[in-house]
Peer 1: 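Take a look at the following structure, please.
First the proteins, then the strands, lettered A, B, ... as listed; each starts at 1.
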There are 4 protein chains.
Amino acid sequence: MDKRAKILAAALKLLVEQGFHSTPTSAIAKAAGVANGTLFHYFKTKDELILGLYADIKKDSLRKILQGIEGQQSVKAKVKTIWYNSINWSITEKEKHNFKQQFMHSPYATQLSQEDLEEELKLFSDMIKEGIEKKILKDIPIDLIYHITHYQMLAIVSYLNLNPHLIEDADFYELAFELFWDNIKRV
Amino acid sequence: MDKRAKILAAALKLLVEQGFHSTPTSAIAKAAGVANGTLFHYFKTKDELILGLYADIKKDSLRKILQGIEGQQSVKAKVKTIWYNSINWSITEKEKHNFKQQFMHSPYATQLSQEDLEEELKLFSDMIKEGIEKKILKDIPIDLIYHITHYQMLAIVSYLNLNPHLIEDADFYELAFELFWDNIKRV
Amino acid sequence: MDKRAKILAAALKLLVEQGFHSTPTSAIAKAAGVANGTLFHYFKTKDELILGLYADIKKDSLRKILQGIEGQQSVKAKVKTIWYNSINWSITEKEKHNFKQQFMHSPYATQLSQEDLEEELKLFSDMIKEGIEKKILKDIPIDLIYHITHYQMLAIVSYLNLNPHLIEDADFYELAFELFWDNIKRV
Amino acid sequence: MDKRAKILAAALKLLVEQGFHSTPTSAIAKAAGVANGTLFHYFKTKDELILGLYADIKKDSLRKILQGIEGQQSVKAKVKTIWYNSINWSITEKEKHNFKQQFMHSPYATQLSQEDLEEELKLFSDMIKEGIEKKILKDIPIDLIYHITHYQMLAIVSYLNLNPHLIEDADFYELAFELFWDNIKRV
DNA sequence: CATGAATGAGGATTCATTCAT
DNA sequence: AATGAATGAATCCTCATTCAT
């Protein structure tokens with residue numbers, strides 16, 4: 001692992017544990033095993049480090065979420081794959097998930113471009129559109145469906161973190177997905 | 001308005017705008033129209049101010065959310081009242097809602113007691129239990145229903161903030177509630 | 001006990017325990033059972049309180065030290081009385097003794113007038129002069145004898161505080177006085 | 001002189017002049033010609049600076065006090081060497097002496113370990129023991145002799161500071177030592 | 001006399017950032 | 001590229017003192 005990666009890894013751990021402002025860059029450098037100044041060689045400012053970390057995490061998240069979607073035929077199967085991948089990523093990459101949540105609810109979020117915010121929506125809007133056209137999904141605005149979906153997944157992640165024994169329980173995922181599907185499917 | 005209230009009001013405004021750590025206590029005092037030391041006369045530390053503000057906001061939120069629930073007969077009417085009150089509070093008290101969200105995703109949240117975290121759940125669990133027993137709601141864990149409900153409301157609030165013209169649209173609330181009701185009602 | 005006395009008593013206790021600058025006037029007022037402002041009604045400033053406390057303590061010390069000296073005939077008996085009274089006062093009024101020591105080694109000491117500093121010396125100089133003239137004491141400067149005497153007593157007080165079991169031991173006082181007497185008596 | 005030494009030198013001067021609590025760290029840094037933060041780079045807290053200064057001064061004092069003692073044969077010659085070295089150090093290093101006195105009479109002194117307090121006693125106890133065994137010194141507890149000796153030296157230092165013309169007067173030192181010697185020698 | 005809320009200057013400490021090596 | 005000593009602005013908090021009641 002090169003120094004840049006070491007710094008990012010240390011930053012992720014400490015920023016999530018202690019919060020953005022309560023984590024000095026010196027602590028990050030120390031945890032990364034590099035000198036104080038080295039951190040600023042790779043990231044011009046602390047903000048750049050945090051924004052860079054967010055970008056890295058988001059890229060990682062999107063990549064993992066889309067895995068296996070190509071092989072799926074039906075809209076429901078595609079949605080299920082994404083739904084499962086999302087929750088799986090948030091559980092296995094708990095620190096990254098927490099970082100994202102903390103980031104999105106901090107003043108840093110205002111620095112994100114419109115484009116950035118809508119990136120995820122765009123990836124899924126074709127699939128949602130297809131679902132609506134095929135009368136599988138409710139005929140409501142695409143971004144409303146996206147919103148509901150996103151928060152449904154957050155609900156399940158939060159619930160799993162409070163009930164960790166369910167993480168390995170395949171039945172629970174089935175149940176949770178069907179709950180969610182009732183929410184958006186056309187009746 | 002007494003000085004304590006002035007300080008809390010100024011704190012709410014600034015903390016939401018600039019974030020917890022980027023808001024100096026001096027700025028809060030100035031905005032409240034009191035001397036620097038006065039803030040510390042009412043709140044021993046900045047943390048105590050933030051925790052105190054959270055407690056105040058939570059109390060306000062719970063009070064408003066429960067309004068009018070006594071008059072409702074059916075489980076669905078009760079749930080609808082709470083659902084509507086919640087969203088209404090989050091929209092009309094946008095700053096307070098944002099503060100709560102930022103607070104819950106910050107390291108401050110870890111300072112909350114278990115009791116504190118479950119307070120809202122407890123208030124609603126009887127109603128949820130009644131719904132399950134009467135075969136109106138799905139037969140799944142109470143706290144799972146609570147979780148889903150909570151996040152559904154967050155989704156709608158977030159969606160309304162992105163589409164402010166819908167805030168006055170009664171039809172949208174009907175639509176959104178029915179969506180949500182599909183999610184938890186027994187089929 | 002009136003409020004002024006209560007304040008002085010509380011000040012003595014806290015100032016000795018925590019030091020002059022680490023003891024807020026608010027803590028003194030609280031310990032004295034009076035309001036913050038009341039302290040400043042009796043003492044215009046914190047410095048005035050400390051100086052006033054010193055003055056009180058010094059007066060108390062001098063009064064006790066001179067007790068019973070009138071009844072003594074010989075120079076040695078007079079010196080012994082003073083020597084014993086001094087040590088006794090420092091042991092029984094330990095807090096006052098410690099306050100005096102801390103005061104004398106602090107920058108406050110520079111605020112004392114020359115007169116103030118020499119008051120004790122003057123009280124004893126006649127006795128010392130008599131001792132020298134009667135060839136009982138060594139023929140060395142009066143203030144040197146006074147200095148040596150003063151520090152001898154401090155030595156014994158310090159030693160007694162480290163060995164508290166000797167405080168009740170009359171033999172020890174005899175021994176200690178003879179040691180000291182060897183120091184200043186003419187041979 | 002490196003920055004750490006510059007800070008210690010400035011601290012010594014200012015702390016003695018103005019007292020521990022009346023001397024801001026900013027004033028020390030300024031006097032040392034370094035930035036405010038630099039002081040905290042070398043000393044984590046103001047307390048650590050003061051404790052560190054005390055440790056340095058004590059080391060310096062002990063080193064100077066023991067100089068030349070190896071060459072002395074008799075117990076009296078050894079004691080005289082130490083007595084003279086001690087007074088000499090206190091007079092030439094007046095600021096350090098005053099710092100030590102102020103420190104020992106402040107609440108900082110309670111932070112010293114038992115070991116720390118007894119270090120000087122231990123250095124001299126062999127010599128005192130030898131003196132008692134050879135029937136040169138009075139047969140009284142070793143630590144009592146040490147106490148008396150220590151305070152005798154303080155008395156002379158205090159006297160010399162009030163009478164500076166005697167500092168160069170070799171006869172005075174002879175006189176003062178003989179006075180002291182009468183105090184502890186066996187008769 | 002007594003109170004205690006209010007003040008605001010002052011001080012210890014932190015920390016992002018720079019830069020000479 | 002890497003280091004870590006050095007910087008000084010920024011911030012939390014303290015506390016002597018005032019004053020309206």
Peer 1: In whole angstroms, how far is the P atom of F:dA2 from the CZ atom of A:Phe43?
Peer 2: 12 Å
Peer 1: Using modelled atom types only, decide if a donor and an acceptor are shared between the side chain of A:Ser158 and the backbone of A:Leu154 within a distance under 3.5 Å.
Peer 2: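 No: the side chain of A:Ser158 does not pair with the backbone of A:Leu154.
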Peer 1: Is there a side-chain contact between D:Lys30 and the phosphate of F:dT7, meaning an N or O under 4.0 Å from OP1 or OP2?
Peer 2: no
Peer 1: Is any side-chain nitrogen or oxygen of A:Lys6 closer than 4.0 Å to OP1 or OP2 of F:dA2?
Peer 2: no
Peer 1: Mind calculating the distance between NE2 (D:His41) and P (E:dT18) to the nearest angstrom?
Peer 2: 18 Å
Peer 1: Measure from the side-chain N and O atoms of C:Lys58 to the backbone N and O of C:Asp116, and report whether any donor-acceptor pair falls under 3.5 Å.
Peer 2: yes
Peer 1: Quick check: on DNA chain F, is the nucleotide nearest B:Gly37 upstream (toward 5') of the one nearest A:Gly37, or the reverse? Name the residue that is more 5'.
Peer 2: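 Nearer the 5' end of the strand: A:Gly37.
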Peer 1: I need the CD1-P distance between A:Ile7 and E:dT17, as an integer number of Å.
Peer 2: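 To the nearest whole Å, that distance equals 14 Å.
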Peer 1: Tell me the interatomic distance from B:Lys3, atom NZ, to E:dA5, atom C1', rounded to whole angstroms.
Peer 2: 8 Å
Peer 1: If pairs are Watson-Crick or G-U with both distances under 3.5 Å, what is the dot-bracket string of DNA chain F, marking crossing pairs with [ ] and pairs to another strand with |?
Peer 2: .||||||||||||||||||||
Peer 1: Specify the separation, in whole Å, of atom CD1 of D:Ile50 and atom C1' of E:dG11.
Peer 2: 13 Å
Peer 1: Give, for atom CZ of A:Phe20 and atom OG of B:Ser22, the distance between the pair rounded to the nearest 0.5 Å.
Peer 2: 11.5 Å
Peer 1: Would you give the length of the straight line joining atom NZ of D:Lys13 to atom CZ of D:Phe99, rounded to the nearest 0.5 angstrom?
Peer 2: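 Nearest 0.5 Å value for the NZ-CZ distance: 15.0 Å.
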Peer 1: To the nearest angstrom, how far is B:Leu39 atom CG from E:dA9 atom P?
Peer 2: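 Computing the B:Leu39:CG to E:dA9:P distance gives 16 Å.
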Peer 1: Which heavy atom in D:Leu62 sits nearest to a heavy atom in D:Glu119, and how many Å separate them?
Peer 2: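 D:Leu62 and D:Glu119 have their closest heavy atoms at CD1-OE2, 3.9 Å.
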Peer 1: For nucleotides 10-12 of chain F, list the nitrogen or oxygen atoms of the protein found under 3.5 Å from its nitrogen or oxygen atoms, one pair per line.
Peer 2:
residue : atom : partner : partner atom : Å
F:dC12  : OP1  : B:Lys46 : NZ           : 2.8
F:dC12  : OP2  : B:Thr25 : N            : 3.0
F:dC12  : OP2  : B:Thr25 : OG1          : 3.0

Peer 1: Is there a donor-acceptor contact under 3.5 Å from the side chain of D:His97 to the main chain of D:Glu93?
Peer 2: no
Peer 1: For the pair B:Lys64 and B:Asp60, find out whether any cationic side-chain nitrogen is under 4.0 Å from an anionic carboxylate oxygen.
Peer 2: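 Answer for the salt bridge query: yes.
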Peer 1: Check whether any side-chain nitrogen or oxygen of D:Tyr42 sits under 4.0 Å from OP1 or OP2 of F:dA5, and answer yes or no.
Peer 2: no
Peer 1: Quick check: closest heavy atoms across A:Thr25 and A:Lys46, and the distance to 0.1 Å?
Peer 2: CG2-CG, 3.7 Å
Peer 1: Would you be so kind as to tabulate the donor-acceptor pairs closer than 3.5 Å made by side chains of residues 30-44 of chain C, with sequence neighbours excluded?
Peer 2:
none

Peer 1: Can you tell me how far P of E:dA2 sits from CZ of C:Arg4, to the nearest Å?
Peer 2: 13 Å
Peer 1: What's the CD-P distance between A:Glu48 and E:dT18, to the nearest Å?
Peer 2: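 Going from CD in A:Glu48 over to P in E:dT18 covers 11 Å.
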